[in-house]
There are 2 protein chains.
Amino acid sequence: MRRQRLAPQTGTAFRLQKDELLTVWDPEGEQVADLFCFEESEPFGVLSSGRSIDYNDTLFFSKGHRLYSFTGDVLLEIIEDRCGRHDFLVTPCSLQMFRMLAKEAHLEHPSCQHNLEVSLSKFGFAPTRLGTTFNIFMNVEVDPQGRVRVGVPQSKAGDFVVFRAHRDLVVGLTACSDEGTNNGRCKPIEYEISRGL
Amino acid sequence: MRRQRLAPQTGTAFRLQKDELLTVWDPEGEQVADLFCFEESEPFGVLSSGRSIDYNDTLFFSKGHRLYSFTGDVLLEIIEDRCGRHDFLVTPCSLQMFRMLAKEAHLEHPSCQHNLEVSLSKFGFAPTRLGTTFNIFMNVEVDPQGRVRVGVPQSKAGDFVVFRAHRDLVVGLTACSDEGTNNGRCKPIEYEISRGL
């Protein structure tokens with residue numbers, strides 16, 4: 001597959017077979033991509049931040065870390081990481097969040113939640129099962145008191161992350177829709193599926 | 001309702017109406033209780049650690065913090081907290097986890113995951129929707145590098161937490177089954193539903 005581009009504030013979903021690699025680039029820098037995935041053949045085979053934090057003993061994931069499902073199986077392994085800071089704590093931006101922040105009950109705004117719901121539902125995934133996403137390039141800072149703050153992404157133009165699939169998966173991926181998370185401007189994301197680096 | 005006791009390594013589920021209070025005690029000290037909840041009337045009305053961390057800007061929840069669902073609505077508010085350290089990062093202990101830790105593929109062991117699945121399914125909750133629990137009295141330490149370690153619970157005998165329901169809920173609650181999380185011995189948990197303190 002040739003390298004694909006996600007336009008700003010959009011999302012997609014696709015199958016990723018066991019042992020295939022998924023590379024996700026930030027072509028312009030300071031842009032987040034939310035990732036979610038599940039196994040079509042296993043009802044509990046859904047990405048779990050809680051299992052992944054527990055089994056990796058870390059909040060911050062990079063090369064060598066593994067993303068687990070609720071079965072305790074590894075879904076994805078990070079095999080290369082040219083940024084080094086990603087988030088696995090928070091849920092995708094949502095229309096409800098934008099309305100709350102803007103204090104406008106009828107605001108319309110694209111969101112990763114909506115983009116993932118639409119994209120993953122084409123593969124039979126119930127939108128109610130979408131949980132905490134792996135937020136590539138998202139910089140959620142945690143201070144010693146446990147206070148959380150969304151900082152500017154540390155990714156520079158051309159930075160990328162490579163995941164290896166440990167199971168046959170469906171992957172949802174977005175170019176994050178939240179201006180605030182992406183240093184004021186929503187930008188594209190690029191990705192490619194391959195068999196080797 | 002009179003104060004109820006959960007025997008060690010067991011769980012339960014019950015309805016908690018809007019404005020009712022749920023008090024959870026650690027009668028002997030150093031014992032964790034995993035809590036999960038959902039709205040019967042709203043498919044997205046399921047407890048979300050990711051939303052809650054995001055909207056409270058904290059990893060560590062105490063008095064005044066609110067636990068959100070995927071709709072962005074508040075499900076529970078912590079209105080009293082005599083311990084001060086709880087966890088909202090990790091998923092419940094599971095049979096798969098015990099087997100992995102013991103390196104015994106056929107080990108049998110009670111677990112919060114199983115106890116919550118059984119208890120919540122009596123209210124029509126699909127076990128596959130169980131996510132990261134609010135782990136009352138659980139002490140997950142986070143160092144400045146984001147490394148995570150399960151420490152001894154900070155709760156002393158008689159410590160308690162009080163939650164106020166903001167919606168009509170079904171609540172699942174356990175006396176955690178993992179010896180390692182509970183300083184070597186699994187102990188009981190007590191709880192009560194009331195209309196006021």
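Since the structure is predicted, the reported quantities are computational estimates derived from the model, not experimental observations.
The salt bridge (Lys or Arg N to Asp or Glu O under 4.0 Å) contacts involving residues 58-68 of chain B comprise B:K63-B:E80, B:R66-B:E77, where partners must be two or more places apart or lie in separate chains. Listed by first and then second residue, the salt bridge (Lys or Arg N to Asp or Glu O under 4.0 Å) pairs that reach into residues 41-52 of chain B come to none, sequence neighbours excluded.
Looking at B:L95, there are no atoms closer than 4.5 Å to chain A (heavy atoms on both sides), in backbone or side chain. When heavy atoms are compared at a cutoff of 4.5 Å, B:M97 approaches chain A by way of both its backbone and its side chain. Proximity to chain A is absent for every atom of B:F88, based on heavy atoms less than 4.5 angstrom apart. Of the two parts of B:T71, only the backbone, made up of N, CA, C and O, holds a non-hydrogen atom closer than 4.5 Å to a non-hydrogen atom of chain A. Both the backbone and the side chain of B:T128 come within contact range of chain A, judged by heavy atoms closer than 4.5 Å.
Between the OG1 atom of B:T132 and the CZ atom of A:F70 there is a distance of 6.0 Å, given to the nearest 0.5 Å.
Residues A:V74 and A:I78 do not share a hydrophobic cluster, clusters being chains of Ile/Leu/Val/Met/Phe/Trp/Tyr side chains in contact below 4.5 Å.
Within residues 101-117 of chain A, the residues having any heavy atom under 4.5 Å from a heavy atom of chain B are, by residue number, A:Q113, A:E117. Of residues 141-159 of chain A, those residues lying under 4.5 Å from chain B by any heavy-atom pair are A:V142, A:Q145, A:G146, A:R147, A:V148.
Heavy atoms of other residues, nucleotides or ligands lying less than 6.0 angstrom from CZ of A:R164 number 12 at most.
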